[in-house]
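Have a look at the structure below, then the notes.
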Amino acid sequence: MTEQVTIIGAGIVGICCALSLQERGIPVRLVDRGDPGQETSFGNAGVVSPWSIIPQAVPGIWKKLPKMLLDPKSALSVRASFWPKMIPWGMRFLGKSDEKSVREVSDAMEILCRPSIDLYRRHLHGTGHESLIADSYYIHAFRHVNEADLDGLGYLIRREKGGDLERVDGVELRHLEPALSEDFKAAIVIKGQARATSPGRVGAVLAEKARAQGAEIVRTEVTKLTRAPDGCWHLATPQATLHARHVILAAGVWSADLLKPLGLPVPLVAERGYHVEFPCASAVLNNSVMDVDAKVVASSMHSGLRVAGTAEFANIDAPADPRKEQILTEQAKAMVPDLDTDKAQFWMGRRPSFPDSLPAIGPIDGMDGLYAAFGHSHYGLMMAPKTGELVADIVSDRSPNISLDAFSLARF
């Protein structure tokens, strides 16, 4: 196929779809209201982890939720106005928290996450910005020694699949990360990882590569998606109507609004995440570090030390909660006591989350020429390159040689 494919959404998923299509000789058009890679893709913790293959719903999580919801400093919060949507979504979420479901979801996550480092390096090759993906460990730091358990289900699954994990005590942890607080008494070190030293820059560089290879990048907002009798898709925008035979929907959480008028309601919610970045950071971390208690991740980047986390469920257009800045700043200081917190930069983004932590990928039933590539939850940075490969294979009529049932919208 040589006909141009239109991609709605120029986040990291849409950009990776564009690059993989171009590798197969297919011209592309990226449509987004903002600069490529500078929305949700911009603000993550930068972890590129082939072993981030454990879903959010795990056995026993139902016991922890009440305490988390009642704690104002918890990583989890739900806006009052969102509870009517939260309850049905949450029931689906809890329904996937048994060990059998966790293992099934983990198998699907592995397909997307395992090749992430190699694929990013392939996309970045020749750009002059190859150093944007740096080798790293992913360190899960614990304040209580007995909680650093390699036989816990999440770590056990990783090890069963070949992950190289090591448990270290506080002294060994300080050798790896001298800047970390001595309150951390043990850690699980997940090896064979990488980190993006500037997630926003990764998106910008790869979008520019796509542009240099002939991609058309249109800055506008798609407000409605309709299918004409001749099978062509019409994309309404404030300026004009765009037309395409093949459309990849990679608009993150906004994808649901475009599908609903087509009679396709999907259980996709805006799981909002925040970060605080400290440009004057005097302390440096050598790897990506998760404070397991606080559920936040800290990583040193070109622009400073970033601490990212929280899961706030709210309407897409709800304003940011200013209290999160102080909470994240306090958590950052608790992790890195010598951190200079002056001139902090506060950010909020919207993760597109399905209840099972898996995205929607592939053709949408009954909608010829329309393909899904959205809903990557906490894992978009890791899953984007392989998502692009799978979508490009499908659009170009190549068999991906794996079952995509786990990613089908029909699973809901």
Side-chain angles (χ1 to χ4, degrees), residues 5-24 26 28-49 52 108-109 111-117 119-120 122-124 133 196 199-210 215 217 222 246-259 266 268 270-271 273 349-354 357-364 370-395 400 404 406-409:
V5 173
T6 293
I7 303 168
I8 303 175
I12 194 62
V13 172
I15 293 167
C16 286
C17 287
L19 291 171
S20 292
L21 286 164
Q22 288 179 324
E23 288 176 348
R24 290 154 179 77
I26 299 173
V28 296
R29 172 172 58 186
L30 279 160
V31 183
D32 200 296
R33 66 181 183 182
D35 292 331
Q38 305 309 301
E39 185 73 54
T40 306
S41 304
F42 169 85
N44 57 65
V47 179
V48 184
S49 170
S52 284
M109 294 177 73
I111 293 169
L112 300 180
C113 291
R114 281 290 290 275
S116 55
I117 298 173
L119 290 175
Y120 270 121
R122 189 180 85 195
H123 287 324
L124 285 168
I133 299 295
R201 188 70 181 137
V202 170
V205 166
L206 293 183
E208 183 53 39
K209 178 179 179 178
I217 299 181
V222 177
H246 301 277
V247 176
I248 297 169
L249 185 54
V253 73
W254 293 275
S255 301
D257 289 339
L258 292 173
L259 288 176
V266 294
L268 188 72
E271 186 185 348
R350 303 159 181 85
R351 306 181 191 97
S353 294
F354 285 115
S357 296
L358 293 175
I361 300 173
I364 298 176
L370 183 61
Y371 306 87
F374 62 88
H376 294 75
S377 185
H378 292 248
Y379 314 95
L381 188 64
M382 278 81 79
M383 293 179 171
K386 185 61 177 180
T387 296
E389 289 287 281
L390 293 173
V391 171
D393 279 345
I394 294 165
V395 173
L404 296 180
F407 310 117
S408 172
L409 274 179

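Every value quoted in this text rests on a predicted model; they were computed, and no experiment measured them.
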How close do [X] and [Y] get, heavy atom to heavy atom, and via which atoms?
| X | Y | answer |
| --- | --- | --- |
| Lys386 | Leu112 | CB-O, 3.4 Å |
| Gly252 | Pro352 | C-CB, 3.5 Å |
| Pro400 | Asp393 | CA-OD2, 4.1 Å |
| Gly200 | Gln38 | O-NE2, 2.8 Å |
| Pro199 | Ala196 | CD-O, 4.0 Å |
| Val391 | Ala373 | CG2-CB, 4.1 Å |

Exercise. Does a side-chain N-to-carboxylate-O contact under 4.0 Å join Arg201 and Glu208?
Worked result: no

Just so I know, are the side chains of [X] and [Y] near enough to count as touching, which here means a heavy-atom distance under 4.5 Å?
| X | Y | result |
| --- | --- | --- |
| Thr387 | Phe374 | no |
| Leu358 | Met109 | yes |
| Leu30 | Pro36 | no |
| Trp254 | Val222 | no |
| Leu259 | Leu409 | yes |
| Leu404 | Ile394 | yes |

Interatomic distance, [X] atom [atom1] to [Y] atom [atom2] [nearest 0.5 angstrom]:
| X | Y | atom1 | atom2 | value |
| --- | --- | --- | --- | --- |
| Ile7 | Ile15 | CD1 | CD1 | 9.5 Å |
| Ile133 | Leu119 | CD1 | CG | 11.0 Å |
| Tyr120 | Leu206 | OH | CG | 7.5 Å |
| Ile248 | Ile364 | CD1 | CD1 | 10.5 Å |
| Phe407 | Ile111 | CZ | CD1 | 4.5 Å |
| Ile8 | Cys17 | CD1 | SG | 12.0 Å |

Would you say [X]'s side chain and [Y]'s backbone share a donor-acceptor pair under 3.5 angstrom?
| X | Y | answer |
| --- | --- | --- |
| Lys209 | His123 | yes |
| Tyr379 | Pro359 | no |
| Ser41 | Ile12 | yes |
| Gln22 | Ser20 | no |

Problem set entry | Qualifying salt bridge (charged side-chain N to carboxylate O under 4.0 Å, His left out) pairs with a residue from residues 39-48, counting only residues at least two apart or across chains | Arg33-Glu39, Glu39-Arg350

Exercise. Taking only residues two or more places apart in sequence, or in another chain, which ones meet Ser49 in a side-chain contact (heavy atoms from CB on, under 4.5 Å)?
Worked result: Val47, Trp51, Ser52, Tyr138, Gln193, Met382

